[in-house]
J.: 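Pasting a structure below so you can have a look.
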Amino acid sequence: MKLAKVRLADGKVRVAMVEDTGLLLLDMEQVSGIRTLSDILHAPDPVGLAKFLVDPKAGPIKLGEVTFLAPIDRQEVWAAGVTYKRSQIARMEESEAGASHYDKVYTAPRPEIFMKATPHRVSGPGEPVRVRADSHWSVPEPEFVLVLNPAMQIVGYTIGNDMSARDIEGENPLYLPQAKVYNQCCGLGPCILLASGPLEKEAIAIDLLIHRNKEEIFKGSTSLSQLKRELPELAQWLGLENDFPAGAFLLTGTGVVPPDQFTLQNGDVVSISITGIGTLVNPVVKA
Ligand code: DO4
Ligand code: MG
């Protein structure tokens, strides 16, 4: 089951169940204490609750009649890094000074985890993601995202774009927060696939497409099976000595890195597709 936050034609923001044929709006007034998407995600049985909340008075709505919003409320957004071989190699190449750190963290028991964004830095579907004005080498990072409840249980999955300034990170690893965290630095959406049983990782493709002036200028893909760490392992490390009363999103790292000569430009369009979830499309802005 997939859930989304959408804006209707009348401007109202609603939570909806996403089906192939359209959207079913949820009536949040039916259960006290349930008002937001994250209230459903953090409930003991999100699937059962969402089914119960389907508004019987509202008929299905066509997907094209609404605007999908970032599926976030008050959660923090964190990210794991160097979890795919491709990212380890790219990072070792871009950072003369820090190469051995990337090498070590790929195999160390403790993963690299960093804070990526707060809700106001997140762009939803169709909203711009930003390249910093002081970066000359920036890329999107297409990532499988864990949706975590306050008990750090994986309750769902979504698509993330961990926008990254490779030149700033490559100059000095201590600049990582500036390379990664800034206005519009993170794309999330278009919906949340609720977790239900084990994932077939080999069958989950993560595809990145970049268009410039309507022409495809980069295409790359990987599979979730290439992720070196287990998903619950990443969630467990994030929750060590760290409380998330509003829940959290955890991007799980990139396995697709465009070639070194590639940098994003103002007006490019980034599309990230993940099997079973959908496609997150964002234009790029660089002022
Ligand atoms: O080490 C820096 C960040 C790595 C990262 O964001 C990734 O591998 O996805
Ligand atoms: Mg990343």
Side-chain angles (χ1 to χ4, degrees), residues 76-118 121-123 129-132 135 137-147 157-182 184-189 204-208 210 218 220-231 233-235 237-238 248-260 262-264 270 272 274 280 282 284:
E76 291 174 7
V77 183
W78 288 67
V82 199
T83 49
Y84 289 78
K85 193 75 189 160
R86 178 69 189 103
S87 178
Q88 180 216 21
I89 290 167
R91 251 93 202 178
M92 287 177 71
E93 281 168 1
E94 89 195 1
S95 172
E96 242 173 72
S100 70
H101 298 298
Y102 294 106
D103 194 22
K104 281 184 196 145
V105 84
Y106 183 66
T107 49
R110 182 191 293 273
E112 177 198 13
I113 296 184
F114 55 94
M115 186 159 183
K116 174 62 189 172
T118 43
R121 297 187 173 89
V122 169
S123 301
V129 287
R130 182 168 293 274
V131 167
R132 293 180 63 115
S135 168
W137 185 22
S138 279
V139 292
E141 295 192 349
E143 306 196 10
F144 187 82
V145 181
L146 305 181
V147 183
Y157 312 102
T158 190
I159 300 173
N161 179 355
D162 171 21
M163 292 288 288
S164 300
R166 291 189 69 183
D167 47 355
I168 295 174
E169 181 186 335
E171 188 180 336
N172 185 327
L174 295 180
Y175 293 152
L176 185 83
Q178 293 170 77
K180 294 284 194 179
V181 187
Y182 54 90
Q184 299 169 305
C185 64
C186 181
L188 283 183
I204 298 180
I206 302 169
D207 298 314
L208 170 64
I210 306 172
F218 177 78
S221 94
T222 188
S223 147
L224 192 60
S225 60
Q226 299 303 304
L227 178 70
K228 186 165 189 293
R229 301 188 185 253
E230 295 300 323
L231 298 172
E233 173 195 347
L234 292 173
W237 278 104
L238 177 62
F249 287 81
L250 177 57
L251 283 71
T252 58
T254 188
V256 181
V257 183
D260 287 356
F262 179 87
T263 186
L264 284 171
V270 177
I272 303 171
I274 299 188
L280 173 66
N282 299 97
V284 173

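Keep in mind that the numbers below use all heavy atoms, side chains included, and drop hydrogens, waters and symmetry copies. Counting starts at 1 for both ligands and their atoms, following the listed order.
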J.: Hey, which atoms in ligand 1 end up nearer than 4.0 Å to a heavy atom of Gly253?
T.: 9 (O)
J.: Going by the atom numbers of ligand 1, which of them fall below 4.0 Å from some non-hydrogen atom of Glu143?
T.: 9 (O)
J.: What's the shortest heavy-atom distance between Ile113 and Trp237, and which atoms?
T.: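 Answer, listing the atom of Ile113 first, then Trp237: CD1-CB, 3.7 Å.
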J.: Could you list which atoms of ligand 1 come closer than 4.0 Å to a heavy atom of Gly81?
T.: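 Listed by number with element: 4 (C), 5 (C), 7 (C), 8 (O).
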J.: When you measure from the heavy atoms of Tyr84 to every atom of ligand 1, does any distance fall below 4.0 Å?
T.: no
J.: Do any N/O atoms on Thr83 end up under 3.5 angstrom from N/O atoms on ligand 1?
T.: no
J.: Taking all atoms of both residues into account, what is the closest heavy-atom pair of Glu112 and Val82, and its distance?
T.: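 Nearest heavy atoms, Glu112 then Val82: OE1-CG2, 3.5 Å.
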J.: Is a donor on one side and an acceptor on the other found under 3.5 Å between the side chain of Asn161 and the backbone of Glu141?
T.: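 A pair under 3.5 Å: yes.
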J.: Output the list of atoms in ligand 1 that are nearer than 4.0 Å to some heavy atom of Phe114, sorted by atom number.
T.: 3 (C), 6 (O)
J.: Are Lys180 and Phe114 in a cation-pi setup, meaning NZ or CZ lies under 6.0 angstrom from the ring centre and within 45 degrees of the ring axis?
T.: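 No, Lys180 does not sit over the ring of Phe114.
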J.: Can a salt bridge be assigned to the pair Lys116 and Glu76 using a cut-off of 4.0 Å between side-chain N and carboxylate O?
T.: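 Looking at Lys116 and Glu76, the cut-off is not met.
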J.: Give the atoms of ligand 1, by number and element, whose distance to some non-hydrogen atom of Ser87 is under 4.0 Å.
T.: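 Ligand 1 atoms under the 4.0 Å threshold to Ser87: 7 (C), 8 (O).
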J.: For atom 6 (O) of ligand 1, what's the nearest protein heavy-atom neighbour? Residue, atom name and distance, please.
T.: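 I find the closest protein heavy atom is Lys180 NZ, 2.7 Å.
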J.: Which of the atoms in ligand 1, numbered in the order shown and given with their element, are less than 4.0 Å from a heavy-atom of Arg91?
T.: 2 (C), 3 (C), 4 (C), 5 (C), 6 (O), 7 (C), 8 (O)
J.: Can you tell me how far apart OG (Ser138) and CD (Glu169) are? Round to the nearest 0.5 Å.
T.: 10.5 Å
J.: Report yes if some N/O of Val82 lies less than 3.5 Å from some N/O of ligand 1; otherwise report no.
T.: yes
J.: Compare every heavy atom of Asn282 with every heavy atom of Gly187, then report the nearest pair and how far apart it is.
T.: CA-OD1, 4.5 Å
J.: At what distance is the nearest protein heavy atom to atom 2 (C) of ligand 1, and which residue and atom is it?
T.: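 Looking only at protein heavy atoms, the one closest to atom 2 (C) of ligand 1 is Glu169 OE2, 3.0 Å.
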J.: Which single N/O/S atom of Asp162 lies at minimum distance from the Mg ion (ligand 2)?
T.: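 Going through the N, O and S atoms of Asp162 one by one, OD2 ends up nearest to the Mg ion (ligand 2).
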J.: Which part of Val105 is near ligand 1, with near meaning a heavy atom under 4.0 Å away: side chain, backbone, both or neither?
T.: neither
J.: Compare every heavy atom of Leu188 with every heavy atom of Gly160, then report the nearest pair and how far apart it is.
T.: CA-CD2, 4.0 Å
J.: Strictly distance-based, threshold 3.5 Å: is any side-chain N or O of Thr158 a donor or acceptor partner for the main-chain N or O of Val145?
T.: no
J.: Write the atom name of the N, O or S atom in Glu141 that is nearest the Mg ion (ligand 2).
T.: OE1
J.: Just let me know how Leu176 lines up against ligand 1, side chain, backbone, both or neither, with a heavy-atom cut-off below 4.0 Å.
T.: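 Side chain only.
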J.: Side chain or backbone, does Glu112 bring an N or O within less than 3.5 Å of an N or O on ligand 1?
T.: yes
J.: Find, among atoms of Glu143 that are N, O or S, the one nearest to the Mg ion (ligand 2), and state its name.
T.: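 In Glu143, the heteroatom (N, O or S) nearest the Mg ion (ligand 2) is OE2.
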J.: Looking only at heavy atoms, which two atoms of Tyr106 and Tyr84 are closest? And how far apart?
T.: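 Taking Tyr106 first and Tyr84 second, the nearest heavy atoms are CE1-C, 3.5 Å.
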J.: For the pair Asp103 and Arg91, find out whether any cationic side-chain nitrogen is under 4.0 Å from an anionic carboxylate oxygen.
T.: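 Salt bridge: no.
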